[in-house]
Amino acid sequence: MNFDLSSLNPQQLRAVVHRDGPLLLLAGAGSGKTRVVTHRIAHLIQHGTRPEGILAVTFTNKAATEMSERLHGLVGSDTAEKVMTSTFHKLGVLILKRDGRSVGVPEDFTIVDTDDQLTLIRDAMRQAEINTERYEPHWIQYRISAAKNAGMFADNLGARITDVIGQVISSVYRAYTDLLRRSNAVDFDDLLLLPLSILQTRPSALDYYRGRFLHILVDEFQDSNHVQLEIIRLLADKSRNVCVVGDDDQSIYGWRGALIRNILEFERYFPDATTITLTQNYRSTSVILTAANAVIQHNQSRRPKDLWTETISDDLIPVVQLRTPQDEARYVVEKIEEISRSEGRALDQFAILVRTNAQTKNFEEALRLSQTPYHLVGGLTFWDRAEIKDALALLRLLVNPNDEVALRRAVGVYGTAVGPATFRRLIDAAHVHRRTLLDMMENASGVSGIGGKAAQICEEFARHIKSHGLLLYPGGPVAAVVRRLIDSVKLNRLLITRAGDEEEGTKRYSNVKELVRSLEAYESRRGREASLGEFLRGLALDQTDSADQTDGKVTLMTLHSAKGLEFPVVFLCGLEERIVPHARVVDEDGDVDEERRLFYVGMTRARAKLILTWCQKRERFGETKRSIPSRFLDELPAHITCREDLGDLAEPEQSNLTSAREDAFRRLASLFGDV
DNA sequence: GGCATCGATGTTTTT
DNA sequence: CATCGATGCC
Ligand SMILES: Nc1ncnc2c1ncn2[C@@H]1O[C@H](COP(=O)(O)OP(=O)(O)OP(=O)(O)O)[C@@H](O)[C@H]1O
């Protein structure tokens with residue numbers, strides 16, 4: 001073990017060695033919360049706790065990886081590997097795999113993504129006879145998700161909200177759940193809700209997990225929702241060994257059900273909790289911290305904190321005005337080169353943070369053009385390509401022949417002649433005969449209403465899937481079977497036909513081969529433990545390309561993805577009204593304070609240098625519109641910022657102001673008949 | 001039942 | 001502007 005308690009300040013030390021009962025560490029950005037978590041784990045292990053008995057939960061994969069890496073450095077790889085560092089959703093998969101049968105989920109379940117979810121919601125609306133014109137499927141999807149995050153099943157929701165809208169949502173929710181279960185599938189929210197339900201209703205399961213996880217630690221607890229809190233509550237109820245850390249000022253997931261009160265009122269849920277706060281920031285310079293503190297001060301309800309730092313700096317924070325996002329990207333890339341050269345910083349010390357994934361496009365172009373190595377976090381990935389989803393649909397079917405969404409997609413690729421009507425008949429027949437959809441397809445000619453051509457294609461397709469499905473068995477080869485299936489359906493030709501262009505089709509097929517390579521890599525990693533189902537579930541949960549090295553590369557990502565990370569030099573870009581705060585929040589009377597927290601999170605990622613930029617013009621939905629700087633920029637103390645104007649348009653704020661003033665003047669003048 | 005064209009809608013943010 | 005679903009024609 002390679003860790004040293006003397007590297008902690010007295011408060012941190014107290015938290016690390018705290019023994020009896022629940023512990024809450026509520027502290028500001030960069031005060032060493034995550035460091036406490038990792039050191040606490042190391043300390044527990046050193047004092048005899050089995051590493052397997054420790055569960056460290058985070059909310060994002062990146063945070064889990066980060067935690068795991070820090071742990072490796074502290075206790076060595078062999079030990080670190082045994083500690084269960086996981087996201088809540090991964091933990092949910094673990095519980096569902098072991099105990100899902102009691103809630104109607106088989107071992108080899110499918111996890112549907114948000115696209116599939118929407119497809120299913122549309123189906124469910126049709127089934128529940130809800131007009132898709134009258135109710136926006138997206139909105140229903142959102143409402144169902146919100147209900148799930150609040151711990152409600154369809155019946156709970158229907159009983160609780162008795163007005164028409166509540167009934168509409170709960171009826172779709174019910175039909176949607178039926179569809180999911182019939183497909184042996186769950187959605188992301190189910191990965192939390194169903195495990196909670198298991199823990200609540202199956203005492204033997206609860207006992208098992210309580211015995212397994214003797215110590216629980218949760219990072220970024222301000223982002224927990226109702227269901228997550230309840231899971232922790234149940235798991236820790238007996239041992240009382242729970243340590244949660246977080247910062248109310250960094251709560252940025254309210255839109256997916258996170259409740260700040262989970263952390264602010266922690267003592268209500270764990271009455272015997274000890275609370276420790278940390279006030280020294282070890283990350284940022286005084287200038288950056290002063291700026292961040294000044295901004296977050298504008299939020300109404302928050303726990304006041306007095307964060308301070310010893311790192312004095314007199315570098316002002318540039319607030320740079322650019323003309324267009326293209327200019328902005330070029331400027332940032334040039335600046336990175338310049339700073340990198342003058343200060344001898346490697347490129348992995350730089351991060352470009354933006355509000356939306358769409359904003360990354362211009363930066364990618366500029367980075368590529370200047371041949372600056374970069375790495376993009378999140379956004380649309382390799383796995384979102386149509387041909388990859390097509391191929392994945394085939395794999396999903398191998399594992400789970402009930403996966404309706406996958407079947408529809410896969411058949412569509414395999415051949416024409418099978419459309420919605422055929423599908424409907426198959427589903428109905430499967431229902432009547434209580435067989436899987438794939439079984440019905442195999443005997444499609446026996447289903448009334450399905451004609452020769454369609455039946456033939458169905459049967460052919462079903463035989464491909466079935467015969468290859470038989471080749472999969474526990475401990476057996478995986479990638480080899482998949483390769484065989486892809487050859488036997490002649491995916492290569494199918495993709496070329498579909499693309500209508502040899503070259504394009506071949507390109508798509510090479511992406512599929514890339515997918516197979518990734519499966520091979522997974523298989524050699526897991527050896528005989530490898531299973532296609534696990535590979536697919538892992539992919540649903542985490543689409544990070546593990547081959548994408550971050551060393552020596554600039555990081556480009558959204559503010560949300562940046563939480564918990566730190567970089568010596570941070571660029572916060574696109575700081576305009578309608579971006580930060582986002583238009584949707586402003587227009588729909590949303591939570592502007594959460595947007596401010598997002599800005600705060602961004603600023604506090606920076607260790608040494610923070611550079612803020614905004615553009616005068618920006619394209620939205622094809623048309624270029626004038627932008628004005630984010631209101632949050634006005635909240636920065638003027639004496640620590642330095643405004644730079646690299647735009648070429650007249651100040652829009654001023655011209656607006658002027659014209660408004662002129663307007664008022666004219667109106668006033670007209671009253672006196674003096675125009 | 002497939003296929004082309006048209007039009008609405010969307011870019012928050014993640015698992 | 002680009003995607004995706006709905007509509008209508010073959
Ligand atoms: N006692 C300490 N002495 C020196 N450095 C420290 C100390 N505590 C924390 N740090 C350093 O400060 C930085 C921030 O720590 P950490 O990431 O744990 O903070 P955090 O509170 O989790 O931050 P955030 O909430 O903003 O994600 C890290 O680089 C960490 O190594």
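Letters go in sequence order (proteins before strands), and every chain restarts at 1.
- At a threshold of 4.0 angstrom between heavy atoms, the contacts of A:Y253 are confined to the sugar-phosphate backbone, with no base atom among them.
- For A:R355 and A:F188, each mapped to the nucleotide of DNA chain B holding its nearest heavy atom, the one lying further toward the 5' end belongs to A:R355.
- Straight-line distance from the CG atom of A:N362 to the C1' atom of C:dC1: 14 Å, rounded to whole Å.
- Rounded to an integer number of Å, the gap from CZ of A:R126 to C1' of C:dG5 is 13 Å.
- Regarding A:I252, its CD1 atom lies at a distance of 12 Å from the P atom of B:dT13, rounded to whole Å.
- Using a cutoff of 4.0 Å between basic side-chain nitrogens and carboxylate oxygens, A:D249 and A:R597 are not scored as salt-bridged.
- Ion pairing of A:R508 with A:D390 is absent here, as no side-chain N (NZ or NE/NH1/NH2) approaches a carboxylate O to less than 4.0 Å.
- Listed nucleotides: B:dT15, B:dT13, B:dT11. Nearest to the side chain of A:T114: B:dT15.
- Considering only side-chain N and O atoms, A:R425 lies under 4.0 angstrom from the phosphate OP1 or OP2 of B:dG1.
- With hydrogens and angles left out, the side chain of A:R620 and the base of B:dT11 share no donor-acceptor pair within 3.5 Å.
- In summary, A:D113 and A:K389 engage in a salt bridge, as defined by a charged side-chain N under 4.0 Å from a carboxylate O.
- The side chain of A:W255 lies closest to B:dT14 when the candidates are B:dT11, C:dG5, B:dT14.
- Contact annotation: A:N61 side-chain N/O to B:dT14 OP1/OP2 distance is not under 4.0 Å.
- In this model, the phosphate group of B:dT13 is not approached by any side-chain N or O of A:S561 to a distance below 4.0 Å at OP1 or OP2.
- Going from atom CG of A:L353 over to atom C1' of B:dT13 covers 13 Å, rounded to whole Å.
- Protein atom CG of A:L196 is 17 Å distant from nucleotide atom C1' of B:dT15, rounded to whole Å.
- Phosphate proximity of B:dT14 to A:N357: present, with a side-chain N or O under 4.0 Å from OP1 or OP2.
- Between A:L559 and A:V354, the closest side-chain pair of non-hydrogen atoms is not below 4.5 Å.
- When the C1' atom of C:dC4 is taken as reference, atom NZ of A:K389 falls 12 Å away, rounded to whole Å.
- A salt bridge does not link A:R631 with A:E635: every distance from a Lys NZ or Arg NE/NH1/NH2 to an Asp or Glu carboxylate oxygen is 4.0 Å or more.
- Atom C1' of nucleotide B:dT14 and atom CG of A:D115 are separated by 14 Å, given to the nearest angstrom.
- What separates CG of A:L96 from P of B:dT15 is a distance of 18 Å, to the nearest Å.
- Counting non-hydrogen atoms under 4.0 angstrom, A:R597 reaches nothing in the nucleic acid.
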